[in-house]
Each structure stands twice: as C-alpha cells, then as structure tokens.
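Some notes on the structure that comes next.
Naming: A, B, ... by sequence-line order, numbering from 1 per chain. Nothing here was measured: the structure is a model prediction, and the numbers come from that model.
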Amino acid sequence: MNVPRDGALHPGPDLAPAAAGRDVPDAGDEQALVERARTGHDDAFEELVRRYRNDVFSLAYRYVHNREEAWDLSQDVFVKAHRSLRRFRGDAKFKTWLLRITANHSKDFLKKRRLDTVPYNDALEAPGAASVAGPDRAYEAQELGQLIQAALDTLSHKHRTAFVLREFEGLSYEEMAGVMGCSVGTVMSRLHHARRKLRNRLTRMGVAQGAHDE
Amino acid sequence: MNNEQLERRLECWFDGELGSDAEAVQAALSQSECQAYLAWLRELREHTRAVAARPAINDAQFPAFMAGIRNKLEAPPRRHAQLWALASLTAAALIVAVSLFLMFNGAGGNGTATVVEAVETQIDGATVNAYSSDDGSATVWVTEPDEEDAWVSDTQGEIW
Amino acid sequence: MNLAALAIVAASLAAEGDCPIEKPVQVTMVAVQATRSGPPRTAQPEHGLVFGIRESGPKRRKEFSKDLEEIRPALEALDFDVFTKVNAGKAVADAGREVQLPINRDYTLFVTPLCKDREGRIRIKGRVEEKVLLRGNKKPVSRQALSFTSAIAPNKPLRLGGFRLGQGELIVVLSVDEYTPAPGPPPPTAPQAPQPSRHPAAR
C-alpha cells in the first residue's frame with residue numbers, strides 16, 4: 001500500500017480524464033440554444049445533440065457495455081429530451097438534465113432486460129485468478145479493467161451511477177445530485193457505499209488489499 | 001465521529017469537495033488509519049483508469065446518429081410543418097366526430113378501458129409509470145428508491 | 001404544436017367532464033401484499049410491455065389467499081407468486097367529496113369522484129399517503145407516495161402498486177361504481193367538509 005512517507009497528504013489524483021480538457025459551453029450561449037430548440041428550431045436542437053452526445057453515450061455505455069445498445073439508448077434519450085423540452089425549466093444545466101434522463105432510461109432498459117445487477121462471477125474470485133498477478137499484483141491493464149468492470153456490475157443501479165458519474169464522468173457532488181435527483185448528502189452516501197462495496201469485491205478478487213477487514 | 005463518518009469526510013476531502021472545511025480535517029489526516037484509507041482511495045481511482053477509455057461518437061458517425069434521432073421523432077421536414085398541422089387538425093376533428101357518433105348511438109361501455117390521465121409521486125428518487133392491459137384494466141406502478149436513501153436524503157442536519 | 005387541434009380535443013374532453021354524476025359513487029378497495037418466492041423470471045418481456053405486467057416463458061404456480069378469489073383476475077398478470085390480502089374497504093361519496101380508505105397503519109388511500117364520462121367511466125382523483133420514519137425525526141411523517149387521476153370503466157379495475165410492504169410490495173385494486181343502495185342502512189358516506197388525515201400513533 002502506497003502511503004506517502006513525507007507525512008504530507010494530498011487530495012486524490014486528478015479526476016477522470018474525461019473531466020479534463022472538455023470544452024465547457026458558455027452558459028448564456030447554452031441558454032439561448034435551449035430556448036431556440038424549445039421553440040422548434042431544429043438546428044439548435046442538433047447543436048445540443050452535437051455538444052452532449054458523448055456525455056450521454058458514455059454514461060449509457062457504462063450501463064450496457066455494448067456500443068450498439070448504448071447508441072440506441074442515447075438516441076432514445078435525445079428523443080425524450082426533445083419531447084420534454086417544454087418542461088425543462090432551466091434551473092439546472094442542460095447537461096445535468098440530459099444525464100438524468102440517461103440514467104433513468106438506462107435503468108428502465110436494464111430492468112426490462114432483467115439485467116439490473118449482473119450476478120457476481122465467482123470464477124473471478126477463484127485462487128487461480130488472483131495468483132496470476134503474483135505477489136506484486138502486476139496485472140495486465142486489460143485484465144484489471146475487466147475485473148474492475150465485473151466488480152462495478154455487481155453494484156446496484158444507484159451505487160453504480162454514483163461511482164460512474166464521479167470517477168468516469170468527473171461530475172461534482174452538486175452535479176451528481178442534479179443527475180440523480182437527490183440531495184448532496186445522498187450522493188455522498190451512495191458514493192461511499194459504492195466505494196466500500198468495490199473495495200470488498202476487489203479485495204476478494206485479489207486486486208486490492210482492504211484497509212479494514214470486514 | 002465514528003469510522004463511517006470519518007471515511008465519508010475523507011472521501012469529500014479526496015474528491016476536493018470539502019472547500020473551506022479542508023483545514024478542519026488536517027488533524028485527522030495524520031492518523032495512520034486515515035492515511036491507509038486515503039491510500040486505498042487513490043489505488044481505487046488509479047485502478048478505474050484501467051477500464052476502457054471513454055467511448056465516443058465521432059464526428060463521422062454523428063450524421064447517422066442524428067438521423068436516427070430524427071427517425072425516432074418522426075418529425076417531418078420543416079417545409080411540411082403546415083401540412084402536418086393540417087393533418088393533425090383533421091385527425092382531431094375525426095376523433096371528435098367519432099366520439100359524437102358513438103355517444104348518440106349509445107355505444108361504449110363493454111369496449112371501454114380504464115385510463116390513467118395523470119400520475120405523480122413525492123417520493124424522492126421514485127419513478128411512476130402507467131400501463132394499460134389487454135383486458136381494459138390499467139396499472140400505476142411506483143418504483144421506490146432503497147430505504148437508506150429515504151433516510152439520508154431527508155436528513156435535516158449534517159451527516160457527519 | 002397544433003393549438004387549434006389541441007383546443008378541439010380539450011373542448012371535447014371538457015364536454016365529457018361536464019357530465020355530472022347523478023348518483024353517489026361507491027369506491028371499493030382491496031389491498032394485497034405480493035411477494036416472489038424465487039428470483040424474477042429471466043424470460044424477456046414482449047416488446048413495449050413492462051416487467052411485472054406480462055409474463056412469458058415457463059410459469060410458476062401462483063398462490064392466492066382464499067379471500068382474494070374475486071379479484072384474482074386482476075392480479076394474475078403481475079410478476080409475483082404469492083398474494084395475501086391485507087385489507088379491503090368500501091366507501092360511498094358524492095362527486096367532489098373525498099373518501100378515505102385506510103390500508104394499514106402505514107398507507108391510506110384517498111379518492112374523490114369527479115364526474116362520469118360518456119363511456120360510462122367514472123373519473124376520479126386519488127392519492128396514496130405513506131407514513132415513513134425519517135432519520136432525524138422522532139415521529140413518522142406523512143408523504144404522498146402517489147397521486148393520480150383516472151377514468152375507471154365498469155369491471156375494469158385500476159391497480160396501484162410498487163409500494164414497499166414487508167418483504168414484498170403493496171398492490172391496491174381499485175374499482176368504482178355508481179352506488180346502488182342495498183336494503184338496510186347505507187354504508188358511511190363522505191363527510192361534508194374535508195377532514196385531516198387520521199394516522200395511527202407513532203410506533
């Protein structure tokens with residue numbers, strides 16, 4: 001476990017790369033764009049789709065792990081958004097509103113598919129899986145990624161959403177609260193539970209060493 | 001402050017969300033347990049970067065993506081908007097005419113289904129959907145969030 | 001979009017709503033706890049239909065408590081295996097008067113008949129209130145789990161479901177009919193003035 005030796009403690013590494021370097025649309029410009037889209041200007045709606053397609057697509061993908069399904073889901077999200085534009089009050093960012101639709105629509109989609117949670121694959125916890133790493137836990141990045149994804153898939157929808165929005169999409173707590181339709185306190189609670197459950201899963205997989213044995 | 005509360009505060013600090021309260025946790029940060037927990041959080045974040053890069057719809061794919069949205073909206077080209085309005089008006093008038101016909105001919109009753117006109121919930125995080133069945137009955141279904149959220153989301157004070 | 005069309009449709013609906021109910025309305029409620037004895041079915045639902053409403057693939061035997069035979073057809077399509085009656089009630093109200101039907105100590109149903117449309121459906125508005133104990137509160141507080149407006153056709157009940165109840169879910173089967181007095185004293189009618197909700201004391 002890598003504990004800093006100098007005693008100085010620093011906040012976590014930079015948030016997910018997805019959060020960095022993205023163009024942030026001007027708020028006023030976005031407001032005008034939304035208003036034009038709301039009044040039926042197709043070009044404005046298309047611009048909104050162009051700007052936020054990857055935010056929606058990325059989040060949808062985190063749920064279904066399949067590009068084709070994420071593609072369809074993302075289109076459905078924008079269709080819903082288009083039909084609900086009149087109800088968008090502008091008291092939240094447009095992106096927040098879109099991601100909220102995405103999370104809810106993905107949940108409904110997975111529920112219909114009976115895939116709300118993926119049964120944990122016990123084979124991933126078998127001694128064979130852990131022993132591949134060796135004592136220095138040097139996993140191939142791809143295998144590690146698969147294990148991480150498998151652990152994520154065992155989380156409930158709300159916990160997975162909290163973790164994905166934070167660690168993959170780089171949203172702030174407040175933005176996450178807007179997407180998930182809950183308070184910041186609930187965001188913190190869900191994120192904490194997600195991290196704890198992931199720690200337990202990954203520890204049993206041999207990917208990480210738990211700080212507290214439970 | 002119990003372990004769970006401390007862990008949550010550490011996570012807030014780790015996520016850069018504590019703001020002016022950051023100094024308040026400095027005393028706790030020197031504890032070995034806190035250092036170990038923060039080390040785990042760093043490890044978890046670095047592990048998650050091993051997951052596949054952020055998928056994207058590139059510019060070349062965008063036209064097809066947008067076309068699919070338009071197909072699903074079944075929106076006609078703008079130049080046909082007036083024609084669409086006329087067609088909708090005609091359809092609405094037809095609905096009224098048929099309804100009046102049925103009213104004055106005493107039809108209805110056996111073939112009439114229960115309909116749900118509006119639904120709403122005040123449960124934070126819940127969704128409500130309404131469905132009709134082939135037998136003419138209807139269903140309203142509330143999907144509630146888990147109980148732990150109901151507790152936390154309505155907390156009046158600090159959660160520390 | 002088509003304001004003229006919308007106005008026509010709205011006017012036609014309003015015309016139906018203007019049709020008053022001549023007789024009092026009897027509201028009948030049966031509350032059921034529904035549970036699953038095993039994991040959800042893995043069979044895919046039909047496209048466009050929703051989990052919990054249609055089943056496909058191998059069927060599991062469903063169990064109904066004996067006092068549910070009358071409403072069994074209203075429950076069979078639901079994706080649960082065991083149905084147990086929780087409570088039942090009837091109340092009579094004039095149009096515009098609210099009736100209260102307690103379900104259990106946590107849930108209460110409120111219904112207000114509105115009018116009767118040309119198809120013979122009785123339009124109602126209703127809500128299910130839930131008592132919940134929230135962290136930081138010493139006593140349960142009441143919240144609106146569901147509010148709805150519906151036009152209920154004869155013999156075509158409305159199901160309200162998804163509320164948490166023990167290890168299962170609460171389902172309320174609601175039907176409304178014009179009240180036909182039976183010989184003898186009538187059942188209680190709705191009060192003239194709105195009454196505050198009566199909830200049992202805190203646990």
Would you say C:E70 has more than 12 foreign heavy atoms packed within less than 6.0 Å of its CD?
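No - once you tally the heavy atoms of other residues, nucleotides and ligands closer than 6.0 Å, there are 12 at most.
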Check this for me: C:E69, atom CD, are more than 12 non-hydrogen atoms of other residues, nucleotides or ligands nearer than 6.0 Å?
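Buried by this count: over 12 neighbours within 6.0 Å.
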At a 4.5 Å cut-off on heavy atoms, which part of B:V128 comes close to chain C: side chain, backbone, both, or neither?
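Contact with chain C: side chain only.
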For chain C, which of B:V140, B:T121, B:N129 has the most heavy-atom pairs under 4.5 Å?
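Going by pairs under 4.5 Å, I would pick B:V140.
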Between the main-chain N or O of C:R123 and the side-chain N or O of C:D117, is there a donor-acceptor pair closer than 3.5 Å?
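Checking the backbone N and O of C:R123 against the side chain of C:D117, no donor-acceptor pair under 3.5 Å is found.
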Measure the shortest side-chain to side-chain distance between C:L170 and C:N104 over non-hydrogen atoms and say whether it is less than 4.5 angstrom.
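They are not in contact (no side-chain heavy atoms under 4.5 Å apart), so the answer is no.
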Closest-packed option against chain B by number of heavy-atom pairs under 4.5 Å, given C:A74, C:P157, C:G162, C:G161
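Sorted descending by pairs with chain B, the first entry is C:G161.
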Please look at C:L174 and chain B and tell me whether the side chain, the backbone, both or neither of the residue comes under 4.5 angstrom of a heavy atom of that chain.
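It is neither, since no heavy atom gets under 4.5 Å.
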